[in-house]
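First the structure, in the form of structure tokens, and then the observations on it.
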Amino acid sequence: MAGVLNMPQPPLLRPFSRHRTTLKPSVVSVSVRASSTDSPETSTATKPPTFAPPPDFKPPEPKRFGVRPDKVLDVLGASLALIFRLGTGVFVSGYSASFASENEIPPGQYALDIAGVKVKETSKLGPRPEKPIEIYEFESCPFCRKVREIVAVLDLDVIFYPCPRNSPNFRPKVAQMGGKKQFPYMVDPNTGVAMYESDDIIKYLVTKYGDGSVPVLLSLGLLTTLTEGFAMIGRMGKGSSYTPAKLPPKPLEIWAYEGSPFCKLVREVLVELELPHLVRSCARGSPKRQVLYEKAGHFQVPYLEDPNTGVQMFESAEIVEYLRATYAL
């Protein structure tokens, strides 16, 4: 199902009007009124929630390839996806790698270091959207995972609006915009297109922002869906049910990619707390790895930037604790 957005782009966390176009010329318009839950700062009846890091909070030092002992089983469970999906979502489209000497890597340039050997990674990207794509979905849905994988392959930045079960904000909003509670639901503010159906979304994204070809492991129909489901066995439905939380005025930003088990653990909590978040995709071969390297002086994911509190931090286990302490009710 596809639709056309026929009005100026509104603020990110406020409901907005959509025009949903069917195959016929007729157009159905659905309007959604703003509410205090969508924009806490506009409510005069209740005091807006405050957002601050936990008392005495200090971002941890990043540890390369380090796993906190109490999180080993979580990481192993999240890593099963790499086996069932054969690394889909780990590499950007057109990925290639070559060995390089120390002299070939200028100071300040990111390069993968394997036992002292530098590896240069490149990719071939399609047109870049001017504005981030918007996707309404939740973590433990195999159809949603398919779309998240193509987002990583195409190296797209996407604002995810989490829609876990029983969540009060974005799940109802999807029904108002598109006419049904079905996920994933994509909105492209660059073209005015809105649609359901994971396969249709994938075809649209590769046509608009890729080379037009769907990766083999995302084009196998039922087999793709089954392996996407198996990929989630290790986490047993994490990221599917709502945990009451405060809705922040600005989306959080996270540098991550779908194939990383560490990123998955953080994404689960973002979804459970229904926290809108802008994912800066940076799978292997992404040029954004250099951007993060320059920004933070180090490349490692996940990396969280919270514009609501000013916190910036690495380390998945500590990010999870920070999110729960800051936003859970």
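All values reported here derive from a predicted model rather than from experimental measurement.
Put simply, Phe262 and Tyr257 are part of two different groups of oily side chains (I, L, V, M, F, W, Y) that touch within less than 4.5 Å, one to the next. Leu252 is not connected to Phe314 by any chain of hydrophobic side-chain contacts under 4.5 Å among Ile, Leu, Val, Met, Phe, Trp and Tyr, and they are in different clusters. There is no path of hydrophobic side-chain contacts, each under 4.5 Å, that joins Val266 to Val75. Hydrophobic clustering, with ILVMFWY side chains joined whenever heavy atoms are under 4.5 angstrom apart, groups Phe299 together with Trp255. A continuous path of hydrophobic side-chain contacts links Val193 to Ile150 [ILVMFWY only; heavy atoms under 4.5 Å].
Checked by atom type and distance alone, the side chain of Arg171 pairs as donor or acceptor with a backbone atom of Pro164 at under 3.5 Å. A distance-only check finds no donor-acceptor pair linking the side chain of Arg148 to the backbone of Gly259 [under 3.5 Å]. Here the side chain of Thr326 pairs no donor or acceptor atom with the backbone of Leu323 at under 3.5 angstrom. A distance-only check finds no donor-acceptor pair linking the side chain of Lys71 to the backbone of Ser316 [under 3.5 Å]. For the pair Tyr196 (side chain) and Lys180 (backbone), a donor-acceptor distance under 3.5 Å is present. Using a distance-only test at 3.5 Å, with no hydrogens or angles considered, no donor-acceptor pair links the side chain of Glu318 to the main chain of Pro60. Using modelled atom types, one side-chain atom of Ser281 and one backbone atom of Leu156 make a donor-acceptor pair closer than 3.5 Å.
Ile133 has its side chain out of reach of Asp157: every pair of non-hydrogen atoms, C-beta onward, lies at least 4.5 Å apart. Put simply, the side chain of Val92 does not reach to within 4.5 Å of the side chain of Val153, judged on heavy atoms. Counting only heavy atoms from C-beta outward, the side chains of Tyr293 and His298 never approach each other to under 4.5 Å. A heavy-atom distance below 4.5 Å is not found between the side chains of Phe183 and Phe143. Side-chain contact between Glu134 and Val158 is absent, with no heavy-atom pair separated by less than 4.5 Å. Contact annotation: the side chain of Pro248 approaches that of Phe51 to within less than 4.5 Å [non-hydrogen atoms, C-beta and beyond]. When side chains are defined from C-beta on, Val151 does not count as touching Glu258, because their heavy atoms never get closer than 4.5 Å. Side-chain contact between Glu137 and Val147 is absent, with no heavy atoms from C-beta onward closer than 4.5 Å.
Scored by the side chain to side chain contact (heavy atoms under 4.5 Å, CB included) test, Phe57 finds Pro53, Pro54, Pro59, Val311, Met313, Tyr322 as partners (sequence neighbours excluded). Checked against side chain to side chain contact (heavy atoms under 4.5 Å, CB included), Ala100 has the following partners two or more places apart in sequence or in another chain: Glu104, Ile105, Lys120.
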Evaluate Glu228 against Arg145 for salt bridge (Lys or Arg N to Asp or Glu O under 4.0 Å), listing each step before the verdict.
CA-CA 7 Å; Glu228 297 283 13; Arg145 183 183 171 91; 3.1 Å; yes

Passes side-chain contact (heavy atoms from CB on, under 4.5 Å), Ile159 versus Lys131? Steps please.
CA-CA 10 Å; Ile159 298 178; Lys131 302 175 184 177; over 6 Å; no

Taking it one step at a time, do Asp155 and Arg128 satisfy side-chain contact (heavy atoms from CB on, under 4.5 Å)?
CA-CA 9 Å; Asp155 199 42; Arg128 303 290 82 192; 3.9 Å; yes

Begin with the C-alpha distance, continue with both residues' side-chain angles, and end with the deciding distance and a verdict on salt bridge (Lys or Arg N to Asp or Glu O under 4.0 Å) for Asp74 and Arg235.
CA-CA 7 Å; Asp74 289 335; Arg235 296 302 295 150; 3.1 Å; yes

Show the numbers, then the answer: is there a side-chain contact (heavy atoms from CB on, under 4.5 Å) between Val119 and Ile114?
CA-CA 7 Å; Val119 179; Ile114 302 177; 4.1 Å; yes

How far apart are the C-alpha atoms of Phe160 and Tyr136, what are their side-chain angles, what is the distance that settles it, and do they pass the ring-ring contact (aromatic ring centres under 6.0 Å, His included) test?
CA-CA 6 Å; Phe160 287 100; Tyr136 296 75; 10.0 Å; no

Stepwise side-chain contact (heavy atoms from CB on, under 4.5 Å) check, Lys146 with Asp199:
CA-CA 8 Å; Lys146 289 165 63 175; Asp199 288 339; 2.8 Å; yes

Check the pair Glu321 / Arg68 against salt bridge (Lys or Arg N to Asp or Glu O under 4.0 Å), numbers first and verdict last.
CA-CA 13 Å; Glu321 292 173 350; Arg68 216 168 70 179; 2.6 Å; yes

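Test Leu247, Asn308, Val269, Leu270 against Tyr327 for side chain to side chain contact (heavy atoms under 4.5 Å, CB included) and you get one pass: Asn308. Applying the side chain to side chain contact (heavy atoms under 4.5 Å, CB included) test between Leu278 and each of Glu253, Lys250, Glu305 identifies Glu253 as the sole match. For the side chain to side chain contact (heavy atoms under 4.5 Å, CB included) with Lys238, the qualifying choice from Arg267, Met232, Lys264, Glu268 is Glu268, the only one to do so.
Counting heavy atoms of neighbouring residues, nucleotides and ligands inside a 6.0 Å radius, atom NZ of Lys124 does not exceed 12 of them. More than 12 non-hydrogen atoms from other residues, nucleotides or ligands lie less than 6.0 angstrom from NZ of Lys118. Heavy atoms of other residues, nucleotides or ligands lying less than 6.0 angstrom from CG of Leu329 number more than 12. Within 6.0 Å of atom NZ in Lys203, 12 or fewer heavy atoms from other residues, nucleotides or ligands are found, so the atom counts as exposed in its surroundings.
In this model, a donor atom of one side chain and an acceptor atom of the other lie less than 3.5 Å apart for Gln312 and Tyr303. Donor-acceptor pairing under 3.5 Å is recorded for the side chains of Tyr95 and Glu121. If you check the side chains of Asp188 and Tyr209, you find a donor sitting under 3.5 Å from an acceptor.
To the nearest 0.5 angstrom, Thr88 atom OG1 is 5.0 Å from Glu149 atom CD. Put simply, CZ on Phe170 and CE on Met177 are 9.5 Å apart, with the number rounded to the nearest 0.5 Å. With rounding to the nearest 0.5 Å, the separation of CD1 in Ile319 from CD1 in Ile254 is 5.5 Å. Between Lys181 atom NZ and Gln176 atom CD the span is 9.0 Å, to the nearest 0.5 Å. The distance from atom OG of Ser123 to atom CG of Leu154, rounded to the nearest 0.5 Å, is 10.5 Å. The distance from atom CD of Gln290 to atom SG of Cys282, rounded to the nearest 0.5 Å, is 12.5 Å.
Heavy atoms only, all atoms of each residue included: Ile135 and Pro184 are closest at CG2-CB, 4.3 Å. Here the closest heavy-atom approach between residue Arg85 and residue Ala231 is recorded as CG-CB, 3.9 Å. In this structure, Pro172 and Ser167 approach most closely via the heavy-atom pair CD-O, 3.6 Å.
Residue pairs meeting the salt bridge (Lys or Arg N to Asp or Glu O under 4.0 Å) criterion with at least one member in residues 306-315: none, sequence neighbours excluded.
Proximity of the aromatic rings of His277 and Tyr161 is defined here by a centroid distance below 6.0 angstrom, and this criterion is not met.
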